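A short worksheet on the structure shown next.
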Protein chains: 4
Amino acid sequence: MGINKYEEIAQAAIKLFERKGYHATSVQDIADEVGLQKGSLYHYISSKEELLMKITQQSINGFNRRMEKIIESQVSSKDKLILAIQHHVTYVARNMEMTTVLLREAFSLEPDHHKVIKEETDRYLKLWTTIIDEGVQADEFKPGDSRLIALAILGSANWLHRWYQEGGKMTPEEIGNYFAQIFLEGIKK
Amino acid sequence: MGINKYEEIAQAAIKLFERKGYHATSVQDIADEVGLQKGSLYHYISSKEELLMKITQQSINGFNRRMEKIIESQVSSKDKLILAIQHHVTYVARNMEMTTVLLREAFSLEPDHHKVIKEETDRYLKLWTTIIDEGVQADEFKPGDSRLIALAILGSANWLHRWYQEGGKMTPEEIGNYFAQIFLEGIKK
Amino acid sequence: MGINKYEEIAQAAIKLFERKGYHATSVQDIADEVGLQKGSLYHYISSKEELLMKITQQSINGFNRRMEKIIESQVSSKDKLILAIQHHVTYVARNMEMTTVLLREAFSLEPDHHKVIKEETDRYLKLWTTIIDEGVQADEFKPGDSRLIALAILGSANWLHRWYQEGGKMTPEEIGNYFAQIFLEGIKK
Amino acid sequence: MGINKYEEIAQAAIKLFERKGYHATSVQDIADEVGLQKGSLYHYISSKEELLMKITQQSINGFNRRMEKIIESQVSSKDKLILAIQHHVTYVARNMEMTTVLLREAFSLEPDHHKVIKEETDRYLKLWTTIIDEGVQADEFKPGDSRLIALAILGSANWLHRWYQEGGKMTPEEIGNYFAQIFLEGIKK
DNA sequence: AATGAATGAGGTTTCATTCAT
DNA sequence: AATGAATGAAACCTCATTCAT
């Protein structure tokens, strides 16, 4: 904190965008949060939207980077899926504010910027379907619609940003495990 | 359409809030959409926020009403859960815009209003855990954390508002069935 | 005054743009001049630049309209030129502020708008060369570079906006006559 | 270039003030043009306005200095007038940007500064009327209003900054000659 | 000599809401 | 029921200038 002012500003923006929403957060709010005058912010940023863009980009990149490593790893498809769920869930839980901004505010980006984020999220989805398709081919998963399955899992895992609270009775890792188990085994006795 | 002007205004608001977001939608936008002057809107509404409140309330009420009927029905817990998933999925798919406004914009409500919506969504969650708990007790479901299971299912089902498109290769009913199957049986072979 | 608010605003803008320049005139200045709040101006205009555009357009149109009538009239080229000089001079003198805005501020228009004004001023110049060329053909004027002559005359006549003051010892008509005489006969004895 | 940084800055300012206007040119623009940081400029200048003042002063001084030499020369009034026109025209043509700044932007100076420039331009005008008055007394020119004649000539000659382009079919000298001829002989056959 | 962080005032524009007609 | 003029606050952003380093 303090070393890199841009980072400090981005952190303030993440916090405020999460709490109030992008449009309801004023540049003044961000300036107040970092203790600068409104105008002084513009030494570091070129626009409020640039901040949102950087934040969402950083967020989706974090998801993609982890997922690519999992895909490249030498384990069974089932284990890849378990890892993917665990990683997604813990990443959301450990970056709640940033994830919320990505999931809720990215659509406020200007069309050009939004397109870039959209492409990255599409890529992320594809990485999920790859794992599932491979698992089906390896006879590890039931045949099915891999995109629908991926969307079901991602829905569950993303939803975490709406209810997870640090200090609850389960750790993110435990939640990830549980989610993995649900999707693999189902809840029926 | 045209009979009830308030309803017409609400429909315009739903459409615009979904498309642009609550804060990015101006009262002028809504007025344009219904073909009135900005000032004339205020014969029908008392504030922009009131519109958002009515919309989110109507939306969450729709979810709750259906769920209560399911709970009261005389079928097994498993069948209740299947019905609940089917109903939620089809309700989202058939009310995409309104659902999006509920899920993405409710947090823009003033604290007092937001609290009301929060209570209703909490109630909705509780209805889901009720079914699951009963299913566990009836030995239909594996023992587990019913809240976590409900949140997993709701996450999947809510996420639909981000990707569902009318005219896709599966109907909402088919998607609902598939989701139910995933959560009951899992995807592992 | 008061009947047409837009006209009132435009008049205030002309006065202020002339006095302080376009960029040095704030929307606040204009609002103060007409006794409105800054924001209220935007019921009548869509931007400050629109005002400048309207003003310059009205101004150059005034010049062109008069000139076209002169061209169509059935008099000798010499008399057309005299009329043109008289009209230009009196138009400048009677619309000092607007002319100043046209001549000094039009270049502040955005490229698209500026292009429109440029085309109109080019057209105006061409009307002048037409008269001169016809006069040369009719053997009324010495052979010469009609464009250069037109630019010389226009320079003199436009410059009026920098020095003319109402109530001076010569009326605009007298100045026009004198200018016409200078350009036709020269000053040499 | 480079030896005298102040001169470099002034040249950048002339170029930018001409292109965009004084108010539309930011100190940042000037800094960019000379490859310095905004703050560093203030080692050389004390304010943006000082730059405009220096530029306009240098410009009007150039006009006055030449004119004084002409007045002192031992030739007929007619030849003085011809020389004056030639010099003015070539000076404008060879210093287009600086002249434009003088003619278009001087009025943006603060009152105190503006007054100084005004006095110099008034002096310049008086030098012209002196020549004309002497020519009338020497029976070289027709009797007339010397101020009006001077303003007519200056208008033509100043207007050059709005249309002259290097590389046109006439050199500045040829244009000067032509203008002199027009004002002396007129265009009527 | 040069930087670049910071200021604080002011720029244009948008907007939810009110109200007389 | 509908208008449209008007408000006043707040939005994002720019800018000339200062100053510690």
Side-chain angles (χ1 to χ4, degrees), chain A residues 2 4-6 8-9 22-31 34-52, chain B residues 5-6 9 13 22-32 34-52 110, chain C residues 2 4-6 8-9 22-31 34-52, chain D residues 5-6 9 13 22-32 34-52 110:
Chain A
N4 187 335
K5 193 71 100 175
Y6 181 85
E8 211 181 319
I9 292 168
Y22 173 70
H23 279 112
T25 299
S26 70
V27 171
Q28 182 70 73
D29 291 335
I30 302 171
V34 296
L36 279 177
Q37 291 301 113
K38 214 175 8 172
S40 309
L41 271 196
Y42 287 86
H43 276 280
Y44 302 96
I45 66 170
S46 64
S47 72
K48 184 181 152 187
E49 218 222 352
E50 184 219 64
L51 266 178
L52 179 57
Chain B
K5 196 71 108 173
Y6 182 86
I9 292 169
Y22 173 69
H23 279 110
T25 299
S26 69
V27 172
Q28 182 70 71
D29 290 334
I30 301 170
D32 290 348
V34 296
L36 281 177
Q37 291 307 113
K38 211 175 9 168
S40 311
L41 272 195
Y42 285 84
H43 281 280
Y44 302 96
I45 66 171
S46 65
S47 73
K48 185 180 153 189
E49 217 221 354
E50 183 221 63
L51 267 177
L52 179 57
E110 297 296 312
Chain C
N4 186 335
K5 193 71 101 173
Y6 181 86
E8 212 181 318
I9 292 168
Y22 173 69
H23 279 112
T25 299
S26 70
V27 172
Q28 182 70 72
D29 290 335
I30 302 171
V34 296
L36 280 177
Q37 291 302 114
K38 215 174 10 170
S40 309
L41 273 195
Y42 286 84
H43 274 281
Y44 302 97
I45 65 171
S46 64
S47 72
K48 184 180 153 189
E49 216 221 354
E50 184 220 63
L51 266 177
L52 178 56
Chain D
K5 195 72 108 174
Y6 182 86
I9 292 168
Y22 173 69
H23 279 111
T25 299
S26 69
V27 172
Q28 182 70 71
D29 290 335
I30 301 171
D32 289 349
V34 296
L36 281 177
Q37 290 307 115
K38 212 178 3 171
S40 311
L41 272 195
Y42 285 84
H43 281 279
Y44 302 97
I45 66 171
S46 66
S47 73
K48 184 180 153 188
E49 215 220 358
E50 183 221 62
L51 267 177
L52 178 57
E110 298 296 313

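Naming: A, B, ... by sequence-line order, numbering from 1 per chain. Fair warning: this is a prediction, and the values are worked out from it, not measured in the lab.
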Exercise. Can you sort out the partners of C/Q37 under side-chain contact (heavy atoms from CB on, under 4.5 Å), two or more places apart, ordered by chain and number?
Key: C/S40
Quiz prompt | A/S40 or B/K38, whichever maps to the more 5' nucleotide of DNA chain F | solution = B/K38
Quiz item: Which residues satisfy the side chain to side chain donor-acceptor pair (under 3.5 Å) test with B/E110, sequence neighbours excluded?
Solution: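 Testing B/E110 for side chain to side chain donor-acceptor pair (under 3.5 Å), a comparison that skips the adjacent residues, returns none.
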Quiz item: Under 4.0 Å between a side-chain N or O of D/Q37 and OP1 or OP2 of E/dG4?
Solution: yes
Exercise. Select base, sugar-phosphate, or nothing to describe what C/L36 touches, counting heavy atoms under 4.0 Å on all strands.
Key: sugar-phosphate
Do you know which two heavy atoms are closest between [X] and [Y], and how far apart they sit?
{"X": "B/Y6", "Y": "B/Y44", "answer": "CD1-O, 3.5 Å"}
{"X": "B/S46", "Y": "B/E50", "answer": "OG-OE2, 3.3 Å"}
{"X": "A/L41", "Y": "A/I9", "answer": "CD2-CD1, 3.6 Å"}

Separation of atom [atom1] in [X] from atom [atom2] in [N], rounded to whole Å:
{"X": "D/L52", "N": "F/dA16", "atom1": "CG", "atom2": "C1'", "value": "15 Å"}
{"X": "C/L41", "N": "F/dG4", "atom1": "CG", "atom2": "C1'", "value": "16 Å"}
{"X": "B/Y42", "N": "F/dG4", "atom1": "OH", "atom2": "C1'", "value": "14 Å"}
{"X": "C/K5", "N": "F/dA5", "atom1": "NZ", "atom2": "P", "value": "10 Å"}

Exercise. Identify, between C/G39 and B/G39, the residue whose nearest nucleotide on DNA chain E lies closer to the 5' end.
Key: C/G39
Self-check item: Within residues 22-31 of chain C, residues whose heavy atoms come under 4.0 Å of DNA chain F
Solution: none
Quiz item: Among residues 43-50 of chain A, which contact DNA chain F at a heavy-atom distance under 4.0 Å?
Solution: A/S47, A/K48
Quiz item: Counting a pair only when it is Watson-Crick or G-U and both distances are under 3.5 Å, which runs of at least 3 such pairs involve DNA chain F?
Solution: E:2-21 with F:2-21
Practice problem: Go through A/L51 and A/I30 one step at a time and tell me if the side-chain contact (heavy atoms from CB on, under 4.5 Å) criterion holds. | Solution: CA-CA 11 Å; A/L51 266 178; A/I30 302 171; 4.0 Å; yes
Practice problem: Any side chain to side chain donor-acceptor pair (under 3.5 Å) involving residues 22-31 of chain C? Give me the pairs, sequence neighbours left out, ordered by first then second residue. | Solution: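 Those involving residues 22-31 of chain C are C/K20-C/D29, C/S26-C/D29, C/Q28-C/D32.
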